[in-house]
Amino acid sequence: MTTIAQSRSFYAKLMAAQARSADPRLEEVFAAVPREAFIGPGPWTIVAGQGVIETPSADPRFIYQNVLVVLDADKGINNGEPFLHAMWIGKLAPRPGEAVTHIGAGTGYYTALLARLVSPGGTVAAFELDADLALRAKANLAAYENVTVIPGDAVTSDLPPSDVIYVNAGVAAPPPGWLKALKPDGRMIFPWRPAERVPLAVLVTRTEKGFACDPFMRSWFIPCSGASVASLAAKIPTRDQAARSRSIWLTADKLPDRTATAVFEHVWFSSRSLDIRPRG
């Protein structure tokens with residue numbers, strides 16, 4: 001019979017392959033962090049497509065696969081799909097010594113993975129608006145000395161200067177403070193949902209010329225409180241316009257021009273590409 005260690009090891013190999021990254025540490029951290037320690041006692045409720053099922057027992061082997069595990073059914077909060085997070089983390093490529101801000105940390109599972117990837121020397125500021133989840137995250141991450149759990153609103157709070165910003169809640173547009181918090185060469189991934197028909201994951205890189213962006217896949221997360229609804233004056237993109245976005249601008253720095261694919265109160269998206277310097 002397969003042991004829990006074997007299940008976790010195979011799960012880690014799957015996640016590393018999905019991440020499409022040459023960094024061998026991805027497999028190591030997925031193998032090292034016990035998912036069951038962050039999702040509460042089993043049996044667990046699992047979301048599979050449009051269906052919901054319960055694991056036959058509290059055997060952790062049931063959750064070492066690409067499944068969402070329900071954290072709070074009433075609020076629609078889950079421990080997200082591992083394949084998606086593996087791909088996102090692979091794209092962000094966190095490195096030792098970097099500062100990460102995790103927005104929508106939930107109970108801290110993916111926070112823990114990020115914390116290991118930026119060790120030694122790196123830090124993670126984990127924002128979680130839901131008070132109950134923040135308490136659980138703080139307890140779950142107590143052994144991670146480089147993590148600070150912040151039970152508060154990342155939309156209205158000042159974010160620390162960040163090499164990586166990892167957003168796990170859908171926004172109509174990123175708040176200006178998130179963009180400003182990125183250090184030079186900093187990267188941010190966020191779920192962009194300017195309209196019901198346009199759910200995209202966007203990778204942002206801060207370059208010398210501005211904020212380059214790449215809408216690289218479809219994605220859906222629960223709405224980010226305070227940032228999920230566009231104003232009536234916003235220019236909402238079609239799915240094609242959103243997919244053609246290649247840069248993001250602060251309206252305080254530059255007014256929208258004919259390349260604008262989407263326009264919001266404080267930021268706008270453009271089809272204009274920016275040169276991205278290779279990371280050394």
Side-chain angles (χ1 to χ4, degrees), residues 18-23 84-95 98-103 155 159 161-221 224 227-228 230-231 233-280:
Q18 177 69 14
R20 304 170 190 172
S21 168
D23 187 347
L84 179 146
H85 286 277
M87 183 183 294
W88 284 23
I89 292 171
K91 275 190 167 290
L92 286 170
R95 297 176 292 189
E98 290 193 316
V100 175
T101 295
H102 187 186
I103 298 172
V155 174
L159 302 192
S162 306
D163 298 292
V164 171
I165 300 178
Y166 193 60
V167 185
N168 292 160
V171 299
W178 295 4
L179 295 167
K180 293 177 182 178
L182 282 175
K183 297 180 181 181
D185 295 324
R187 294 89 65 206
M188 172 170 64
I189 276 183
F190 69 92
W192 187 24
R193 198 173 179 83
E196 185 71 19
R197 65 186 183 278
V198 188
L200 291 170
V202 179
L203 174 65
V204 177
T205 305
R206 186 166 194 169
T207 76
E208 292 179 344
K209 296 182 179 180
F211 299 98
C213 76
D214 175 21
F216 65 94
M217 67 178 287
R218 288 177 59 84
S219 177
W220 191 93
F221 277 77
C224 180
S228 62
S231 71
K235 174 188 175 182
I236 303 299
T238 64
R239 186 180 302 173
D240 180 65
Q241 288 170 331
R244 289 191 289 107
S245 301
R246 293 295 179 267
S247 56
I248 303 176
W249 301 85
L250 300 172
T251 53
D253 296 338
K254 181 181 179 68
L255 292 176
D257 58 27
R258 60 182 179 81
T259 69
T261 54
V263 180
F264 302 91
E265 184 177 2
H266 299 295
V267 302
W268 59 284
F269 291 70
S270 169
S271 60
R272 180 186 294 113
S273 297
L274 301 178
D275 294 330
I276 302 178
R277 293 182 298 127
R279 294 175 62 200

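Given the structure is predicted, the values throughout are model-derived calculations rather than measurements.
Shown here is Lys254, whose NZ atom has more than 12 heavy atoms of other residues, nucleotides or ligands within 6.0 Å.
Arg244 contributes atom CZ, which lies 13.5 Å from atom CZ of Phe269 (distance to the nearest 0.5 angstrom). To the nearest 0.5 Å, atoms CD1 (Ile165) and CG (Leu179) are separated by 7.5 Å. Remark: Ser219 OG to Leu84 CG distance equals 5.0 Å, nearest 0.5 Å. Here the straight-line distance linking atom NZ of Lys183 with atom CD of Glu98 works out to 8.0 Å at 0.5 Å rounding. Separating the CE atom in Met188 from the SG atom in Cys213 is a distance of 9.5 Å, to the nearest 0.5 Å. Atom OG1 of Thr205 is separated from atom CZ of Phe211 by 10.5 Å, given to the nearest 0.5 angstrom.
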Worked verdict on Leu274 versus Glu208 for side chain to side chain contact (heavy atoms under 4.5 Å, CB included):
CA-CA 9 Å; Leu274 301 178; Glu208 292 179 344; over 6 Å; no
In sequence, state the C-alpha distance, the side-chain angles, and the governing distance for Ile236 and Phe264, and then conclude on side chain to side chain contact (heavy atoms under 4.5 Å, CB included).
CA-CA 8 Å; Ile236 303 299; Phe264 302 91; 4.0 Å; yes
Run the side chain to side chain contact (heavy atoms under 4.5 Å, CB included) check on Arg193 and Phe221 step by step: do they pass?
CA-CA 9 Å; Arg193 198 173 179 83; Phe221 277 77; over 6 Å; no
With side chain to side chain contact (heavy atoms under 4.5 Å, CB included) as the test, would you mind laying out the steps for Leu203 and Leu92 before giving the verdict?
CA-CA 8 Å; Leu203 174 65; Leu92 286 170; 4.0 Å; yes
Carefully, step by step, assess Thr238 and Asp240 under the rule side-chain hydrogen bond (donor to acceptor under 3.5 Å, both in side chains).
CA-CA 5 Å; Thr238 64; Asp240 180 65; 5.1 Å; no
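Aromatic rings from Phe190 and Trp178 are positioned such that their centres are separated by 6.0 Å or more.
The nearest pair of heavy atoms linking Pro161 to Ala99 is O-CB, 3.8 Å. Looking at every heavy atom in both residues, Pro174 comes nearest to Ile248 through CG-CD1, 4.4 Å.
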